[in-house]
Structure formats: structure tokens, C-alpha cells
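Below you'll find the structure, written out as C-alpha cells, and then a few comments.
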Amino acid sequence: MANSAQWACHRTVAAVPSSSRPAKRRFDTVSIIVLTAFATLYAVAAVRRGVPSWADLLYAGASALCFALYAIDKSAARAGRDRISESMLLSLGFVGGWPGAIVAQQVFRHKTAKRTFRLRFWTSVAVNVALFVWLTLGSAT
């Protein structure tokens, strides 16, 4: 009985945020800025030039799938099971799933520390956005 009382006390104390270090925000500032900027850019492109419906479906579908794969990978990492390859996550992000990947990275706190992955991820985001701009806004008609 004493062990369960001690455990309950420890559990209660562990739930209280430490005053020695601030609680992590759910979304980092860069992620919020990038997602907001892209949503604005997408809306501008849709109004000025029109965005094909396949692009809407691609970004929405790839983002949903990317979010799900990050969740599965985080679960596998915790359980010590086989993981989803970084190249799969990066490839799906590159083809339009990066908004879902950003949300998943922040929600699950997954793939946010490994510097090489982060560099490759943000490079793929920049290339995807550049291609989007070029294809939707770049060519004058």
C-alpha cells in the first residue's frame, strides 16, 4: 500500500511543470510562420491564377498521410519496432505532405532534434514551395 501511495505522490508531483525550465510550446515559431505564409501564398495563387483541384488533393492527401506516418513512426520508435525510413518521410513531404509533417513533428515531438534530418526536411520544403510558386505564380499568361 505504501508503494502505491508513494507512486501516486510521485505521479502528482511529476505532472506539475518544473519552475526551473519553461514548458515547451506545442508549435515552434518557425513552423507557425511557414504554415501561415504558405496558406497565404496558396490562397493568393488560388485567387490570382487558380490552383488545379489535383493540387488541392495532393497537398491535403499527402499531408494527412504524412501526419499518420509520423504518428506510426513515433509509436514504433517508442516500442522498439521497425521504423518508417527517413527517405519515405522526406519524399512524401517533398511531394506536398510537408504541412502535415510540420504539424506531426510538433504534435508528436518527433523528428525535431536530429539535425541532418531537419536540414534535409527544410530543404525539401523550400524546394517544394519554390516549385509551387513557379508553377502557379511564376509564368505570366
Side-chain angles (χ1 to χ4, degrees), residues 1-140:
M1 193 86 160
N3 284 343
S4 63
Q6 287 174 340
W7 184 80
C9 179
H10 175 70
R11 185 174 175 197
T12 304
V13 171
V16 176
S18 169
S19 60
S20 63
R21 73 184 135 138
K24 284 188 175 182
R25 286 181 281 168
R26 184 56 82 181
F27 280 82
D28 65 48
T29 305
V30 172
S31 296
I32 292 170
I33 290 169
V34 170
L35 289 171
T36 303
F38 185 71
T40 303
L41 176 67
Y42 201 95
V44 167
V47 169
R48 290 188 68 205
R49 301 285 180 121
V51 175
S53 57
W54 63 263
D56 296 338
L57 292 173
L58 179 67
Y59 275 101
S63 287
L65 181 58
C66 218
F67 184 90
L69 290 179
Y70 272 76
I72 292 166
D73 191 51
K74 177 67 173 197
S75 175
R78 285 184 170 165
R81 295 188 314 263
D82 287 342
R83 305 277 304 277
I84 296 170
S85 70
E86 287 186 352
S87 62
M88 171 64 80
L89 296 174
L90 290 167
S91 297
L92 188 56
F94 176 74
V95 299
W98 64 265
I102 288 175
V103 173
Q105 287 170 5
Q106 302 304 307
V107 168
F108 303 120
R109 291 318 235 176
H110 189 52
K111 298 292 189 187
T112 58
K114 188 174 178 185
R115 197 172 287 211
T116 56
F117 180 85
R118 300 288 294 159
L119 178 62
R120 290 169 50 210
F121 174 77
W122 285 110
T123 300
S124 71
V125 170
V127 172
N128 178 275
V129 172
L131 285 170
F132 177 81
V133 168
W134 180 65
L135 291 172
T136 59
L137 297 173
S139 59

Say you draw a straight line from [atom1] of [X] to [atom2] of [Y]; how long is it, rounded to the nearest 0.5 Å?
X      : Y      : atom1 : atom2 : value
Ile33  : Asp28  : CD1   : CG    : 9.0 Å
Arg120 : Lys111 : CZ    : NZ    : 9.0 Å
Asp73  : Leu89  : CG    : CG    : 5.5 Å
Phe67  : Ile102 : CZ    : CD1   : 13.0 Å

Between Thr136 and Arg48, a side-chain donor and acceptor under 3.5 Å: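 On atom types as modelled, these side chains do not qualify, holding no pair under 3.5 Å.
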Tell me which pairs pass side-chain hydrogen bond (donor to acceptor under 3.5 Å, both in side chains) where either residue lies in residues 92-103, with sequence neighbours left out.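 Only Trp98-Asn128 qualify under side-chain hydrogen bond (donor to acceptor under 3.5 Å, both in side chains).
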[X] and [Y]: which non-hydrogen atoms are nearest, and at how many Å?
X      : Y     : result
Ser75  : Arg81 : OG-NH2, 3.2 Å
Ala101 : Cys66 : CB-SG, 3.7 Å
Leu69  : Met88 : CD1-CG, 4.5 Å
Ser124 : Phe94 : O-CD1, 3.7 Å

Partner of Gln105 under side-chain contact (heavy atoms from CB on, under 4.5 Å), chosen from His110, Lys74, Arg118: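 Single side-chain contact (heavy atoms from CB on, under 4.5 Å) partner of Gln105 among His110, Lys74, Arg118: Arg118.
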Heavy-atom distance under 4.5 Å between the side chains of Leu41 and Phe38, does that happen here?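 Yes - at least one pair of side-chain heavy atoms lies under 4.5 Å apart.
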Do Ile84 and Tyr70 make a side-chain contact, defined as non-hydrogen atoms from C-beta onward lying under 4.5 Å apart?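 Ile84 does not reach Tyr70 side chain to side chain.
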Any donor-acceptor pair under 3.5 Å from [X] side chain to [Y] backbone:
X      : Y      : result
Ser63  : Ala60  : no
Thr123 : Leu119 : yes
Tyr42  : Asp56  : yes

